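Have a look at the structure below before the remarks.
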Amino acid sequence: MGKLNNKTVFITGASAGIGKACAVSFAEEGANLILSARRKEKLDALSENIKSKYGVKVYSFELDVRNSEKVKEKILSLPDEWKQIDILINNAGLAKGFSKINDGDIEDWEAMIDTNIKGLLYVTRYILPLMIERKEGHVINLGSIAGHQVYPYGNVYCATKFAVNSLSEAIRMDTLENNIRVTNIAPGLVKTEFSEVRFNGDNERAENVYKGIEPLTGEDIADLVLFAATRKSHVNINEIVVTPTAQASATQVFRKE
Ligand code: NDP
Ligand code: 8X3
């Protein structure tokens with residue numbers, strides 16, 4: 001008997017990294033999953049694997065969270081059996097580029113702002129009313145330690161994660177009378193596709209981010225997301241800040257030679 005049998009979890013950015021690991025961890029606990037991301041073929045492979053391994057129901061579709069009309073359409077047209085969403089994991093997000101503001105690429109800024117802030121808002125805007133109607137639900141946002149501490153060349157990415165941390169607090173305030181739980185997850189270095197995306201497929205540069213340390217994994221974060229989601233209903237984990245043991249802050253990392 002799983003801890004989340006008959007619960008429905010909606011995960012954005014489920015095709016890779018933390019979102020994918022959450023899909024597996026939540027399925028292991030018996031949850032039915034709504035999975036979304038832009039790369040449908042990755043979602044299809046994951047869905048098949050999860051369905052056959054854990055026997056849960058999976059409903060997946062392509063969704064770019066930057067597209068407010070599509071977000072609205074997809075959520076409002078969910079089949080009835082999928083409308084009762086218990087847990088929303090706002091995970092879709094990315095960093096693009098690593099440069100000073102005066103050298104920054106405006107397209108990269110827009111991709112980060114549109115995905116990490118506006119995308120999270122669009123999805124929350126249409127799912128939250130369904131939770132409020134039932135006076136039950138849990139919104140879990142993927143923030144970052146970059147949302148607590150700015151680091152050199154992190155400028156716009158850090159600003160988007162400061163916004164996520166603020167929005168987690170705001171959603172908590174706005175839904176207090178409706179029995180909605182809200183959790184902000186703020187990890188440090190997690191080895192996923194994150195750095196490859198940030199450095200446009202430059203593998204060597206991406207590998208260097210994790211050189212000499214044992215980084216966190218998507219599974220480590222999924223474990224904590226699951227922890228937050230499986231507390232007794234009167235317990236709200238407001239925030240989890242987590243780093244690799246070798247990382248003390250956004251700027252201090254101890255690397256073995
Ligand atoms: P990955 O790059 O491995 O995964 C990112 C996921 O987000 C992918 O599934 C991707 O899917 C999806 N995504 C990106 N853009 C969009 C979009 N416009 N619409 C829908 N889905 C999108 O990175 P992580 O798993 O590491 O990142 C997940 C979250 O965790 C992000 O919000 C990130 O900021 C945060 N985080 C990551 C840390 C790290 O060190 N890795 C640390 C702290 C926080 P697809 O490309 O198929 O759309
Ligand atoms: C990702 C963690 O420190 O690479 O949010 O920005 S960091």
Side-chain angles (χ1 to χ4, degrees), residues 10-24 35-46 60-68 70-71 74 89-98 108 110-123 140-165 167-168 184-201 205-206 208-210 213 215-222 224-225 239-244 246-253:
F10 188 121
I11 306 175
T12 66
S15 58
I18 296 169
K20 182 177 177 183
C22 284
V24 172
L35 304 180
S36 65
R38 292 168 301 177
R39 288 171 295 175
K40 179 77 167 73
E41 67 295 346
K42 295 224 172 238
L43 288 180
D44 288 343
L46 178 65
S60 67
F61 48 81
E62 184 186 329
L63 182 64
D64 184 334
V65 295
R66 294 173 297 180
N67 186 332
S68 66
K70 278 273 179 294
V71 169
K74 284 288 181 190
I89 305 178
N90 273 319
N91 164 77
L94 78 174
K96 272 271 170 205
F98 197 75
D108 285 349
E110 281 169 355
M112 291 186 278
I113 292 166
D114 290 351
T115 310
N116 303 358
I117 308 177
K118 291 163 76 179
L120 179 146
L121 277 170
Y122 301 150
V123 173
I140 302 178
N141 293 333
L142 259 295
S144 169
I145 59 162
H148 291 294
Q149 302 159 340
V150 180
Y151 55 81
Y153 308 105
N155 44 59
V156 175
Y157 177 70
C158 296
T160 66
K161 290 298 173 176
F162 268 74
V164 172
N165 292 357
L167 289 170
S168 297
N184 193 66
I185 308 281
L189 292 163
V190 190
K191 194 169 181 204
T192 57
E193 293 179 8
F194 180 85
S195 293
E196 277 170 50
V197 171
R198 173 172 237 167
F199 300 124
N200 291 316
R205 218 171 156 197
N208 273 337
V209 173
Y210 313 104
I213 64 160
L216 298 170
T217 62
E219 289 72 24
D220 292 328
I221 306 306
L224 296 169
V225 175
E239 179 159 51
I240 296 176
V241 181
V242 56
T243 59
Q247 182 179 26
S249 73
T251 50
Q252 195 187 8
V253 179

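Counting starts at 1 for both ligands and their atoms, in listed order. Fair warning: this is a prediction, and the values are worked out from it, not measured in the lab.
Checking N116, N141, V190, T12 against atom 39 (C) of ligand 1, the nearest heavy atom belongs to V190. Heavy-atom proximity to atom 5 (C) of ligand 1, evaluated over G17, A16, G93, A111, is greatest for G93. Compare G13, G119, G188, S15 by their heavy atoms: the one nearest to atom 12 (C) of ligand 1 is in G13. In the candidate list I18, V71, T160, L216, I18 is nearest to atom 30 (O) of ligand 1, counting heavy atoms.
Residues lining ligand 2 at a heavy-atom distance below 4.0 Å are given as S144, A146, Y151, Y157, G188, L189, F194, ordered by chain and residue number.
Applying ring-ring contact (aromatic ring centres under 6.0 Å, His included) to F194 and the options F199, Y157, Y210 leaves one that passes, Y157.
Residue-ligand proximity, S144 to ligand 1, at heavy-atom distances under 4.0 Å covers atoms 43 (C), 44 (C). Every atom of ligand 1 with a heavy atom of D64 under 4.0 Å away is listed here by number and element: 17 (C), 18 (N), 19 (N). Within ligand 1, the atoms closer than 4.0 Å to a non-hydrogen atom of R39 are 11 (O), 45 (P), 46 (O), 47 (O), numbered from 1 in the order shown. Of all the atoms in ligand 1, the ones that sit under 4.0 Å from a non-hydrogen atom of Y157 are 33 (C), 34 (O), 36 (N), 44 (C). Of all atoms in ligand 1, listed by their number and element, those nearer than 4.0 Å to a heavy atom of G143 are 43 (C), 44 (C). Close approach to L63 involves these atoms of ligand 1, each under 4.0 Å from a residue heavy atom: 19 (N), 20 (C).
A donor atom on one side chain and an acceptor atom on the other are found under 3.5 Å apart for D220 and T217.
At a 3.5 angstrom cut-off on N or O pairs, A37 does not count as close to ligand 1. The shortest N or O to N or O distance between L189 and ligand 1 is not under 3.5 Å. Between T192 and ligand 1, a contact under 3.5 Å exists for at least one N or O pair.
For atom 14 (C) of ligand 1, the nearest non-hydrogen atom of the protein is R38 NH2, 3.4 Å. Looking only at heavy atoms of the protein, atom 3 (O) of ligand 1 is closest to E193 N, 3.0 Å. N91 OD1, 3.1 Å is the protein heavy atom nearest to atom 28 (C) of ligand 1.
Residues that satisfy the side-chain hydrogen bond (donor to acceptor under 3.5 Å, both in side chains) test with D64, not counting sequence neighbours, are R66.
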